[in-house]
Amino acid sequence: ATMTRRAAAMYAIAALSVLEEPLADFAFAHPHHRSAMLAAILSVAATYTYIGGSVPLFAFSAPTPGSGKSLLTQVASIIGTGREAAYMAQSVKEEEESKRLFAVLLSGDPVVVLDNCDRPVGSGPLAEVLTAGQHKDRILGVSAMAIAEVRCVFMATGNNLEYAGDLTRRVVPIDIDPQTEDPEERSGFQIPALKPWLIEHHPRLHTAALTILRAHLLAGLPDAPSPWGSFESWSRRIRGALTWLDYADPKDGKRDIQATSDGARERMTAVLSAWWVALPGLSLTVRSILDDISPVTSSLREALSALDPRWDGQHAPNQRTIGNAMKRYRGRILGGLKLTALEGSANNGRRWRVEHV
């Protein structure tokens, strides 16, 4: 058994060197981002049956346009499937995004990319699709509902990506940083025409990806990393294959985005802090606070208004949008403060209170 495991590791290491070839010209920010890219390739190459569960979102981010984010999604897609990924635009409304996700799931594309995201990535429908394994919606032009199974790998691209709500625990970040003002002006690439090269070498690259997964399986799926809720099977079979070969854990970047990129959490933390300073222990509605013009609540009004992504600082924020944002955080503890919801009358609406924990 020891010899089998050792021989399997040797085959896997040789195959990994093959998969590294198309990544030579990309400047990954940290080793775990390169490892996450390899995890994306393996996830696309593996069949849904082999993984047997949900796959996290792979998010490609860079500080400067033209760094190669979209090209990396095609690297994973072409190696894994032999064809380019399907693209869809980021939606403003959740209802619209739900319908778009339903349509791409029905189309059967193996890789779907939310391209050039210019707002925080994260919505209820997307979070559901990434973990539920299926998505229910109405068929366009028909009154009947249908269920679409999730059989694809989702990716996203954008400059300095941010993530909203619960998506922070469903994403594997892949950051690249060429450290140049104009990345598009670079030259001297080891593989100048990467897409044609990928298509030409697809059989060899795809075989390498499958060799790694097969070797890890024959070795008995050893050195399983710590479980990742909702992605247990993917974590053991894809993430585990890389940590088994002493590569950085693809999950390491998740801690960074949870600490710095959850803009919704930061905004809600600011609301709770401002509320506790201005109105400690008081239960009030969102409307009453926004209508109050006293200097005492000025910081709180501004923090509440920031919960509306369309607020421009001049017009009144949408109270319903603010209320919905607060609903998602009721009962949670942020910065030692907890948001509590108290039912109000039909005319006055829900009252809120911030408590110190």
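Everything numeric here is computed off the predicted structure, so don't read it as measured data.
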Here the pair of heavy atoms bringing Leu161 nearest to Cys117 is CD2-CB, 3.9 Å

Hey, mind stepping through Glu20 and Leu38 against side-chain contact (heavy atoms from CB on, under 4.5 Å) and telling me if it holds?
-> CA-CA 8 Å; Glu20 289 270 17; Leu38 291 169; 4.0 Å; yes

Sub-3.5 Å donor-acceptor pair from the side chain of Arg237 to the main-chain atoms of Leu217, do we have one?
-> no

Close side-chain approach of Leu57 to Arg170, heavy-atom, < 4.5 Å = no

Shared hydrophobic cluster for Met326 and Leu282 (ILVMFWY, side-chain gaps under 4.5 Å) = yes

If you count the non-hydrogen atoms of other residues, nucleotides and ligands that lie under 6.0 Å from CD in Glu302, is the total more than 12?
-> no

Joint cluster assignment, Val44 & Leu114, ILVMFWY side-chain distance < 4.5 Å = no

Do Val271 and Ile322 have side-chain heavy atoms sitting under 4.5 Å apart?
-> no

Sub-3.5 Å donor-acceptor pair from the side chain of Ser273 to the main-chain atoms of Thr269, do we have one?
-> no

Report the distance from atom NE2 of His202 to atom CH2 of Trp197, rounding to the nearest 0.5 Å.
-> 12.0 Å

Report the residues that fulfil salt bridge (charged side-chain N to carboxylate O under 4.0 Å, His left out) with Asp115, sequence neighbours left out, ordered by chain and then residue number.
-> none

Are side-chain heavy atoms of Pro317 and Leu307 found at a separation under 4.5 Å?
-> no

side-chain contact (heavy atoms from CB on, under 4.5 Å) between Val113 and Ser70, intermediate numbers included | CA-CA 9 Å; Val113 182; Ser70 297; over 6 Å; no

Do you see a donor-acceptor pair shorter than 3.5 Å between the side chains of Ser67 and Thr64?
-> no

Rounded distance [0.5 Å steps], CG in Asp175 versus CZ in Phe60 | 10.5 Å

Tell me, do Trp275 and Ile289 make a side-chain contact under 4.5 Å, heavy atoms counted?
-> yes

If you draw a 6.0 Å radius around CZ in Arg151, do more than 12 non-hydrogen atoms from other residues or ligands fall strictly inside?
-> yes

Pairs flagged by ring pair (Phe, Tyr, Trp, His ring centres under 6.0 Å) wherever residues 214-233 is involved - sequence neighbours left out | His216-Trp244, Trp228-Phe231, Trp228-Trp234

Closest non-hydrogen atoms of Gly133 and Glu149, given as atom of the first, atom of the second and distance, are O-OE1, 3.4 Å

Minimum side-chain heavy-atom gap Met268-Leu334 below 4.5 Å = yes

Closest approach of Leu245 to Ala9 (non-hydrogen atoms, all atoms of both residues) | CD2-O, 4.1 Å

Under 3.5 Å, is there a donor-acceptor pair between the side chain of Asp308 and the main chain of Thr321?
-> no

For Tyr11, what are the other residues in its hydrophobic cluster, where any two members join if their side-chain heavy atoms are less than 4.5 angstrom apart?
-> none

So how far is it from Phe28 CZ to Leu23 CG, rounded to the nearest 0.5 Å?
-> 4.5 Å

Expected output: side-chain Thr207 to main-chain Pro203 donor-acceptor under 3.5 Å | yes

Which atom names give the shortest non-hydrogen contact between Ala76 and Met155, and what distance separates them?
-> CB-CE, 3.7 Å

Would a distance-only check, ignoring hydrogens and angles, find a side-chain to backbone donor-acceptor pair under 3.5 Å from Gln90 to Arg119?
-> yes

Donor-acceptor pair, side chain of Ser107 and main chain of Val104, under 3.5 angstrom | yes

State, without any angle test, whether Asn159 and Lys69 hold a side-chain donor-acceptor pair at a distance under 3.5 Å.
-> yes

For Ala39 and Ser43, the nearest pair of non-hydrogen atoms, with its separation, is O-OG, 2.7 Å

Rounding to 0.5 Å, atoms CG (Leu337) and CG (Leu272) come to a distance of 5.5 Å

Over all atoms of both residues, closest heavy-atom pair of Tyr163 and Pro173 | OH-CB, 4.4 Å

Can you hop from Tyr247 to Ile238 via hydrophobic side chains spaced under 4.5 Å?
-> yes

Transitive ILVMFWY cluster of Val277 at side-chain heavy atoms under 4.5 Å: who else is in it?
-> none

Treating Ile, Leu, Val, Met, Phe, Trp and Tyr as nodes and any side-chain heavy-atom pair under 4.5 angstrom as an edge, say whether Val171 and Leu72 lie in one connected cluster.
-> no

Would you please test Thr73 and Val111 for side-chain contact (heavy atoms from CB on, under 4.5 Å) and show each step?
-> CA-CA 9 Å; Thr73 66; Val111 181; 5.8 Å; no

Examine distances only and state if a side-chain atom of Ser77 and a backbone atom of Arg83 form a donor-acceptor pair shorter than 3.5 Å.
-> yes

Residues which pass salt bridge (charged side-chain N to carboxylate O under 4.0 Å, His left out) with Arg186, listed by chain and number, not counting sequence neighbours | none

Starting at CG of Leu194, measure out to CG of Asp25 and round the result to the nearest 0.5 Å.
-> 7.5 Å

Would a hydrophobic clustering, with Ile, Leu, Val, Met, Phe, Trp and Tyr connected at side-chain separations under 4.5 Å, put Met37 with Leu210?
-> no

Look only at the side chain of Glu232 and the backbone of Ser230, and say whether a donor-acceptor pair between them is shorter than 3.5 Å.
-> yes

Apply the test side-chain contact (heavy atoms from CB on, under 4.5 Å) to residues Ser35 and Arg239: give CA-CA distance (whole Å), side-chain angles for both, the deciding distance (0.1 Å), then the verdict.
-> CA-CA 9 Å; Ser35 186; Arg239 178 180 162 219; over 6 Å; no

What is the distance from atom CG of Leu106 to atom CG of Leu101, rounded to the nearest 0.5 Å?
-> 11.0 Å

Residues in ring pair (Phe, Tyr, Trp, His ring centres under 6.0 Å) with His30, at least two apart?
-> His32, His33

Within-4.5 Å side-chain heavy-atom neighbours: Ser54 and Leu130 | no

Do Leu304 and Trp352 touch side chain to side chain, with heavy atoms closer than 4.5 Å?
-> no

Under 3.5 Å: donor-acceptor pair, side chain of Thr297, backbone of Leu300 | no

Assess whether atom CZ of Arg204 is packed by more than 12 heavy atoms of other residues, nucleotides or ligands within 6.0 Å.
-> yes

Judged by atom type as modelled, is there a donor-acceptor pair below 3.5 Å linking the side chain of Asp182 to the main-chain atoms of Glu184?
-> no

Is any side-chain heavy atom of Lys93 closer than 4.5 Å to a side-chain heavy atom of Ser123?
-> no

